[in-house]
Number of protein chains: 2
Amino acid sequence: MDKKALFAKISQKSSFLCVGLDTDLTKIPEHLLKEKDPIFAFNKQIIDNTIDQAVAYKPNTAFYEALGPKGWESLHKTLEYIPKDVFTIADAKRGDIGNTSGLYAKAFFEMMDFDSVTVAPYMGIDSVKPFLAFEDKWVILLALTSNEGSQDFQMLETKNGKPFFQEVIEKSQKWGTPDNMMYVVGATRGEKIAEVRKLVPDHFFLVPGVGAQGGSLEEVAKFGMNSNCGLLVNSSRGIIYAGKDKDFGKAAKTEAQKLQTEMEILLDKYCK
Amino acid sequence: MDKKALFAKISQKSSFLCVGLDTDLTKIPEHLLKEKDPIFAFNKQIIDNTIDQAVAYKPNTAFYEALGPKGWESLHKTLEYIPKDVFTIADAKRGDIGNTSGLYAKAFFEMMDFDSVTVAPYMGIDSVKPFLAFEDKWVILLALTSNEGSQDFQMLETKNGKPFFQEVIEKSQKWGTPDNMMYVVGATRGEKIAEVRKLVPDHFFLVPGVGAQGGSLEEVAKFGMNSNCGLLVNSSRGIIYAGKDKDFGKAAKTEAQKLQTEMEILLDKYCK
């Protein structure tokens with residue numbers, strides 16, 4: 001999916017919601033455990049119930065990998081089930097030397113038809129470029145994450161007087177364009193989002209930290225939105241585990257609708 | 001496997017060779033493609049033929065992931081086949097926020113019984129610690145890699161006048177110990193290995209860059225060895241693709257023996 005199609009979808013749904021499919025056998029409603037593939041059964045209902053509000057779905061691969069080969073089958077089935085006009089993100093945080101990163105790209109872009117993969121920047125240019133060689137596919141590069149450990153290295157000052165994540169953003173802009181690269185930007189600090197938006201006025205940000213990880217949606221929109229929206233805001237646990245019984249799909253829908261309603265107002269206010 | 005057992009294995013085999021199982025369907029001998037699981041059939045013969053020289057095996061997960069769920073099955077079978085007294089490394093370069101890294105740890109340490117996983121440091125402490133919570137399991141943290149892109153960020157100078165990889169090493173030493181943490185240290189520059197050895201006298205290094213990626217074994221041993229050897233030197237393509245026909249196992253053995261012979265001399269010379 002290209003940037004134009006993504007923005008069209010955002011405008012059509014009046015939403016920049018990404019639903020995180022962090023599906024965990026220990027957290028899904030008990031009645032699903034009788035299903036042949038409980039993970040897929042759960043995801044299917046979540047997707048059915050949030051498709052009017054979600055412009056993107058983001059399975060985190062760790063949840064599937066922890067189940068062995070069966071988990072990968074659930075992930076494949078989930079991806080096949082998501083309608084093609086919705087943006088898909090493999091939250092995999094991969095990255096290796098060039099030819100090996102190329103194999104990860106093949107895994108996510110060819111074996112599965114994901115639109116994008118999250119990539120870790122530590123290994124530099126040749127670990128990122130192989131993902132950019134695929135047409136209409138995206139790299140979502142880790143820049144500033146929202147976890148405790150983001151302080152350890154991402155905020156470390158370089159000799160240029162910049163935090164390290166800024167060096168990542170500045171250098172990586174030469175590798176990709178706003179049409180094939182996005183950045184992960186944590187939502188816990190509004191002023192930080194404003195800082196990053198100044199560095200990259202046109203790129204999309206994937207914002208992981210609204211909901212369970214904290215962060216205010218209004219602040220994210222106020223400081224991060226651009227004329228193409230420029231934001232995909234993720235919510236995982238707050239939506240997918242909103243309900244604990246047979247009605248979990250409806251509960252997820254209600255939470256997604258709440259966020260979409262808020263997002264519609266924010267798009268009107270800040271998307272210019 | 002703990003550090004004592006690993007060093008005992010190194011002494012017993014007079015070798016610090018790690019064989020990289022970067023098994024690629026397009027590169028294995030053609031006759032294997034008729035097998036039900038060509039990847040496993042290939043790995044099995046490589047393991048059978050190198051077990052006297054190898055103290056560790058390191059499948060890079062990208063090669064298996066690129067084949068979908070079937071690839072993960074081949075990886076599971078491979079791991080089950082490797083004798084338990086040999087050290088195993090999931091070269092996965094994972095890393096995510098705390099609870100999610102915990103799922104990756106579960107995938108590699110519980111679903112499969114790997115001794116260690118390579119981990120990317122960018123997300124900081126909570127992305128690394130969950131792996132360290134498993135007894136007798138290891139984190140092998142990316143420090144200085146041997147690829148072109150290692151120049152982009154790993155060598156960037158911080159305000160403390162240190163290259164970034166040094167900050168990673170210094171900080172991460174407080175998270176783990178020489179008994180549950182190793183570092184990936186690229187072999188293309190001997191003086192760099194000496195620099196890192198000064199920072200971490202007791203930790204094991206996984207050295208990926210001998211063979212196809214360049215780097216001299218003598219230099220690695222001279223600058224990197226300590227009294228517990230402290231080195232696992234990997235060779236992938238140079239061993240596993242040494243032969244192209246039915247005799248590929250024997251060809252692999254010959255290459256592994258060459259390296260082992262060299263390693264035996266280097267252990268005598270520098271392991272003190």
Side-chain angles (χ1 to χ4, degrees), chain A residues 22 24 60-63 65-73 75-76 91 93-98 100-108 110-112 120-129 142 145-154 156-161 164 167-168 171-172 208 213, chain B residues 22 24 60-63 65-73 75-76 91 93-98 100-108 110-112 120-129 142 145-154 156-161 164 167-168 171-172 208 213:
Chain A
D22 298 353
D24 186 333
N60 186 307
T61 50
F63 289 81
E65 216 164 299
L67 303 171
K70 268 192 191 170
W72 284 91
E73 274 168 29
L75 180 59
H76 274 250
D91 195 0
K93 302 183 175 75
R94 298 299 196 256
D96 208 307
I97 59 169
T100 311
S101 261
L103 289 169
Y104 281 127
K106 201 181 147 194
F108 292 110
E110 283 184 359
M111 285 302 287
M112 294 181 272
Y122 191 71
M123 292 182 72
I125 184 166
D126 60 298
S127 66
V128 176
K129 279 225 161 174
L142 299 185
T145 57
S146 52
N147 61 318
E148 177 200 351
S150 63
Q151 296 298 312
D152 288 321
F153 305 123
Q154 298 166 26
L156 199 64
E157 199 179 316
T158 68
K159 67 166 185 203
N160 306 317
F164 187 72
E167 304 268 4
V168 168
K171 189 158 261 182
S172 62
Q213 288 180 49
Chain B
D22 298 353
D24 185 333
N60 185 308
T61 50
F63 289 80
E65 214 164 301
L67 303 171
K70 268 189 192 172
W72 283 91
E73 276 167 27
L75 180 59
H76 274 251
D91 194 1
K93 300 182 175 75
R94 298 298 195 259
D96 208 307
I97 59 169
T100 312
S101 261
L103 290 169
Y104 281 126
K106 201 181 147 193
F108 292 109
E110 284 184 1
M111 286 301 289
M112 293 180 273
Y122 191 70
M123 292 183 74
I125 184 167
D126 60 300
S127 67
V128 176
K129 279 225 158 173
L142 299 184
T145 57
S146 53
N147 62 318
E148 177 200 351
S150 64
Q151 296 298 311
D152 288 321
F153 305 123
Q154 297 167 26
L156 200 65
E157 198 179 315
T158 69
K159 66 164 186 201
N160 307 318
F164 188 70
E167 302 268 7
V168 168
K171 189 158 261 181
S172 62
Q213 288 180 52

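Letters go in sequence order (proteins before strands), and every chain restarts at 1.
Closest approach of Asp91(A) and Tyr104(B) over heavy atoms only: O-OH, 4.2 Å. Residue Phe153(B) comes nearest to Pro121(A) through the heavy atom pair CD1-O, 3.2 Å, listed as atom of the first residue, atom of the second, then distance. When all heavy atoms of Lys93(B) and Gly95(A) are compared, the pair lying nearest together is CD-O, 3.4 Å. Contact between Met123(B) and Gln154(A) at its shortest, heavy atoms only, is CA-NE2, 3.6 Å.
Between chain A and the options Thr61(B), Asp24(B), Asp22(B), the largest number of non-hydrogen pairs under 4.5 Å is found for Thr61(B). Your options are Met111(B), Lys129(B), Glu65(B), Lys106(B), and the one with the most heavy-atom pairs under 4.5 Å with chain A is Glu65(B). Ranked by heavy-atom pairs shorter than 4.5 Å toward chain B, the options Leu142(A), Leu103(A), Thr100(A) are led by Leu103(A).
For a residue to count as touching a neighbouring chain, one of its non-hydrogen atoms must lie under 4.5 Å from one of that chain's; by this rule Lys171(A) touches chain B with the side chain only. Within the 4.5 angstrom heavy-atom criterion, no atom of Val128(A) approaches chain B. Neither the backbone nor the side chain of Ser101(A) comes within contact range of chain B; no heavy atom of the residue lies under 4.5 Å from a heavy atom of that chain. Contact of Asp96(B) with chain A is made through backbone and side chain together, with heavy-atom distances under 4.5 Å. Using a 4.5 Å cut-off between heavy atoms, Leu156(B) contacts chain A through its side chain alone, with no backbone atom that close. There is no contact between Leu75(A) and chain B, counting heavy-atom distances below 4.5 Å. In this structure, chain A has a heavy atom under 4.5 Å from the backbone of Ser150(B), while its side chain stays farther away.
The closest donor-acceptor contact from the side chain of Asp126(B) to the backbone of Gly149(A) lies under 3.5 Å. Checking side-chain atoms of Asp152(B) against main-chain N and O of Ile125(A) turns up a donor-acceptor pair under 3.5 Å.
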**Study point:** Derivation and outcome, side chain to side chain contact (heavy atoms under 4.5 Å, CB included), residues Trp72(B) and Glu73(A)
**Key:** CA-CA 10 Å; Trp72(B) 283 91; Glu73(A) 274 168 29; over 6 Å; no

